[in-house]
Amino acid sequence: MENPIISFEKFSFKYNAQAKPTLYDIDLSIRPGEKILIAGPSGCGKSTLAHCINGLVPHSFAGEISGKLSIDGKDSAKLSIFDVSQVVGTVLQDSDGQFIGLTVAEDIAFALENACVGEPELHELVLKAAQSVNVAGHLSHAPTELSGGQKQRVSMAGVMVDDVKVLLFDEPLANLDPATGKQAIELIDLIQKRTGAAVIIIEHRLEDVLHRHVDRIVLMQNGRIIADEAPDSLLSSQRLKETGLREPLYLTALRYAGVEIREDMQPWSMESIKLSGEDVEKVRSWYKAGEKTGEKCEKEALLKIEGLSFAYLKGHQALSDISLEINKGEVIAIVGNNGAGKSTLSKLICGFEKPQKGRLLFEGKDLSALSIKERADHIGYVMQNPNQMISKVMIRDEVALGLRTRGVGEEEIQSRVDETLKICGLWPFRSWPVSALSYGQKKRVTIASILALRPEMIILDEPTAGQDYRHYTEIMEFLSLLNKQGVTIVMITHDMHLMLEYARRALVINDGRLIADSSCADVLTNPELIRKASLKESSLYPLALRCGIEDAALFVQRFIDYERKVEGK
Amino acid sequence: MKKSPVTTIVAIGIGAALFFVLGRFVSIPSPVPNTNISTQYGLLAFMAVLFGPVAGALIGFIGHALIDFSFGWGVWWSWVIASGVFGLLVGLASRKIRLDEGKCGKKEILGFNVAQIVGHIICWGLVAPVLDIVIYAEPLEKLFAQGLFSAVSNSVTTAIVGTLFCIAYAAAKPKKGSLKEEE
Amino acid sequence: MRNIFNFVDRPSPIHELTGATKLICLVLWSLAAMTSYDTRFLIVLPLLSFALFRLSKIRISDVSFMLGFTAVFMVLNNVLVFAISPDHGAGIYGSEHILLGRGRYALTAEQLFYHANLILKYLSTIPIVLLFVCTTNPSEFAASLNRIGVKYTIAYSVALALRYIPDIQREYHEISQAQQARGIEMSRKESLVKRLKAASAILIPLILSSMDRIETISNAMELRGFGENKKRTWYMGRKFTKADIGAIIFCAVLAAAAFVLNYINGGRFYNPFV
């Protein structure tokens, strides 16, 4: 057997700023050409492990190390970050942070320039790398002219020019829509086969990574490795669930139907899994046993949009002729590919931009006369990144900010802030500075600061982006709670689980037009809509087909209803 | 934040970009017609405290030069240099302020403001006018009148905007404290 | 907004020159224009720069927006000079010929001549900067700085500024919209202090997220070997041609002429009143 390219032995690491170690007793070895998925919930130490592999620990993040880590046969303690970068190429999660060059070509050239590669090799190598990830047609483009997926491919080219032996991907799916994420996984697979480099993927979205085969899954929890085995073996156990990660949906459905998942069924993908006739029968009878849950909801329009059109630049229509209704008490998902016009729609609703044509009616009243501030009394807007909204040091002040600017009396402010903090589960932290909170808690603070104004409706931009399953559930359960109290919720999202589980209705926008307005299950089983909205079909769909169930949408609905029941949602 | 030489380089780049965006797009109408309050000096002072005199000088110089380049009204090297000198002076004078350790009390705020006011007076009252006389032979009185206005308005802006930045940054640094959940 | 610096990508002999050449020429030209106050010389420079504009195929419509700023700026500055120092010309040229009016604001021939010179001075320095901006690819700028002797790390920080201005601008715009919805406004209705506080409330999230950005970018750069060597190469760097050397010599001659004129005139000013 070949010598490992990366090997941890009894390795522990503690950040200087922290009291307890982040990594305990790590034993892990990765051989050349292997493909490994490192998974685990937020805070499990997987990012720190990645930092150890690429040398950011201890060179950029100082701390105490015990045990041994060797990279390409050399003791990592004696290697500089530059030495490590010659062996390990890293593609960071934040593609805007990693895209350093002014244009695609300059970014790909960055590492070569630093290594003083001269002409004509420089131009040749850049072109070769660009071709390998299919961005050669965009060499002179600026990052603002590229999509998220293209930026990520440029990042890959930028690390591949160095001929590294290990490629490390830190949450490669975090900023991509499902369809682009699928392509990214395919490209990573292709690169690995072509270059023979070892590939390490850090990700908590297991099912999406398993779109292509991986050799091993390393599962982490609380700074320790709790499993290091082949996907088939891990997926047939219950360990994923114990760590709070989500297992692939088709497996959950099979378990609900009473099918036992065994290693020899090859459960790692929907294509590979072997189902016996008995298994199929179990699924069918589970499907049939489902009672019809006719959603009863009174339809009383809260927001009515009529013939809305808008263009940022003349001739480039961002939205054309959108008409729709949002009813009181609904939870709605707005989906569509990047640049389809989802954000533009929410900006028009909030009054950040003015429509060229059409009307917005809120409870029958025309919104056009209201200012941004006045609209915010009825419609709240929560940005994706809470750090972009928080401007006060203390939680109380942050939540009170909107009330203060509206000249509400101090007594009223205090009572409303108290009430909001309690609803949002922030009461125990009421006298803390915002900076002491976790990302998910900060998100709550931003939602609280909007709720304090008592809007009838809130619009959330990607409410769960970058969250693991546990935090995702936490945020979404909180939003459901708000919804039960009567707040209408509109979410702009790429997350298909979120749509399925929490939204009743989906609005699909494509090229500035509303192309569908129907139930989420319908949308996610319609290949045409899936393609146009840059979504990915749910793995429940092929499962339904395999089991001979014709109405896949109903099967999906059955799954959601059942899950709500057993999970008590 | 760690402070490797690369971090300083990046801080200069991002600082200059922020200086540019604030100078070009965040204009606050001032009480004097046709003039705007420059929030970018609050940013510059804050960055100089955080990243030191060299970074301060370069952020001011590069940021201001880029603004001039983009407006097309020529590059007013005298004022560009003065912005750089301001960053340098504030950086030098506030070496003892440790924002990244989360310290920003009364003493730090006072020190910061003394540094920035003295810095503005030297830059706009002395450096910029003297250079303008050398280059453009403009009248002394006009230049000092302009300089005085800039020194006062920039000091006020920096006192408010810069101080608030320092407080917010220091507060956002995680501190080993005893935060307890309350019932 | 790639075009915030108004780079006009249209082939011309000026575009052909390397960025480094144009930067050196800009410095030499500015030096010449700053040094001399000789009216005859100051007439030559603007005429030369207009000729260069023709050569560069930049059209008026490409730069009309920037010319507007320049015009307003020139008028304001002249008005201000006259309002504060109406006798500055008399002081410089050592004589006083009143043309019209009387008292403090009497218009003298000397003052008028001084203003003409000031305008010429602006016209000598401003168009050439515009030309530089319009014909230099921002991507080439950092490589050029390094070429003329600026340390590559510093040169790269300029490239980073150019790279991240659009991102920061977009982020500012989004933050400011969301904060407006919460009622933070910077309108004229409020007092200055309140306006500044409002601006800070909008800017604080931007500043804090930019600090995180600094950390991410510096990690990304270190992971790709930045700062390891004493030198680096540039993808956008180009070799000097004969035209480059010619342009540099030409501008060097201009700068030398300015110094020679100062010496001949026995001062910076050309004085027609003696």
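Below, chains carry the letters A, B, ... as their sequence lines are ordered, and counting in each starts from 1.
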Assess, by modelled atom type and distance only, whether the side chains of C/Asp244 and C/Thr241 contain a donor and an acceptor separated by less than 3.5 Å. yes

Could you check whether C/Asp212 and C/Ser209, counting side-chain N and O atoms only, form a donor-acceptor pair closer than 3.5 Å? no

Toward chain C, the part of [X] with a non-hydrogen atom under 4.5 Å:
| X | answer |
| --- | --- |
| A/Glu119 | side chain |
| A/Asp170 | neither |
| A/Val84 | neither |
| A/Ile390 | backbone |
| A/Ile379 | neither |
| A/Gln384 | neither |

Taking A/Asp162 first and then C/Arg224, would you say they form a salt bridge - that is, a charged N and a carboxylate O separated by under 4.0 Å? no

Can a salt bridge be assigned to the pair C/Arg213 and C/Glu171 using a cut-off of 4.0 Å between side-chain N and carboxylate O? yes

With rounding to the nearest 0.5 angstrom, report the [atom1] to [atom2] distance, [X] to [Y].
| X | Y | atom1 | atom2 | answer |
| --- | --- | --- | --- | --- |
| A/Asn175 | A/Gln152 | CG | CD | 8.5 Å |
| C/Thr21 | C/Glu140 | OG1 | CD | 9.0 Å |
| C/Phe53 | C/Leu48 | CZ | CG | 13.0 Å |

Can you label the angle between the A/Phe352 ring and the A/Tyr381 ring as parallel, tilted or perpendicular, going by 30° and 60°? perpendicular

If you tally heavy-atom pairs under 4.5 Å against chain C, which of [options] wins?
| options | answer |
| --- | --- |
| A/Arg375, A/Glu374, A/His123 | A/His123 |
| A/Ser155, A/Gly55, A/Gly158 | A/Gly158 |
| A/Gly89, A/Cys116, A/Ser85 | A/Cys116 |
| A/Asp377, A/Asp96, A/Ile81, A/Thr90 | A/Asp96 |

Heavy-atom cut-off 4.5 Å, strictly under: side chain, backbone, both or neither for C/Glu228 against chain A? side chain

Is C/Gln177 in contact with chain A via its backbone, its side chain, both, or neither, using a 4.5 Å heavy-atom distance? both

Main chain of A/Lys392, side chain of A/Glu398: is a donor-acceptor contact present, judged purely on distance under 3.5 Å? yes

Are C/Thr135 and C/His15 side-chain neighbours, meaning at least one heavy-atom pair lies under 4.5 Å? yes

When only pairs under 4.5 Å are counted, which of C/Met221, C/Lys239, C/Gln179, C/Arg170 shares the most heavy-atom pairs with chain A? C/Met221

Write out, in numerical order, the residues from residues 150-160 of chain C with a heavy atom short of 4.5 Å from a heavy atom in chain A. C/Tyr156, C/Ala159, C/Leu160

Before giving the answer on side-chain hydrogen bond (donor to acceptor under 3.5 Å, both in side chains), spell out for A/His51 and A/Thr48 the whole-Å C-alpha distance, their side-chain angles and the decisive distance to 0.1 Å. CA-CA 5 Å; A/His51 290 157; A/Thr48 306; 5.2 Å; no

Where do A/Lys342 and A/Glu462 land on the salt bridge (charged side-chain N to carboxylate O under 4.0 Å, His left out) test, with the steps shown first? CA-CA 11 Å; A/Lys342 305 181 304 271; A/Glu462 290 286 358; 6.0 Å; no

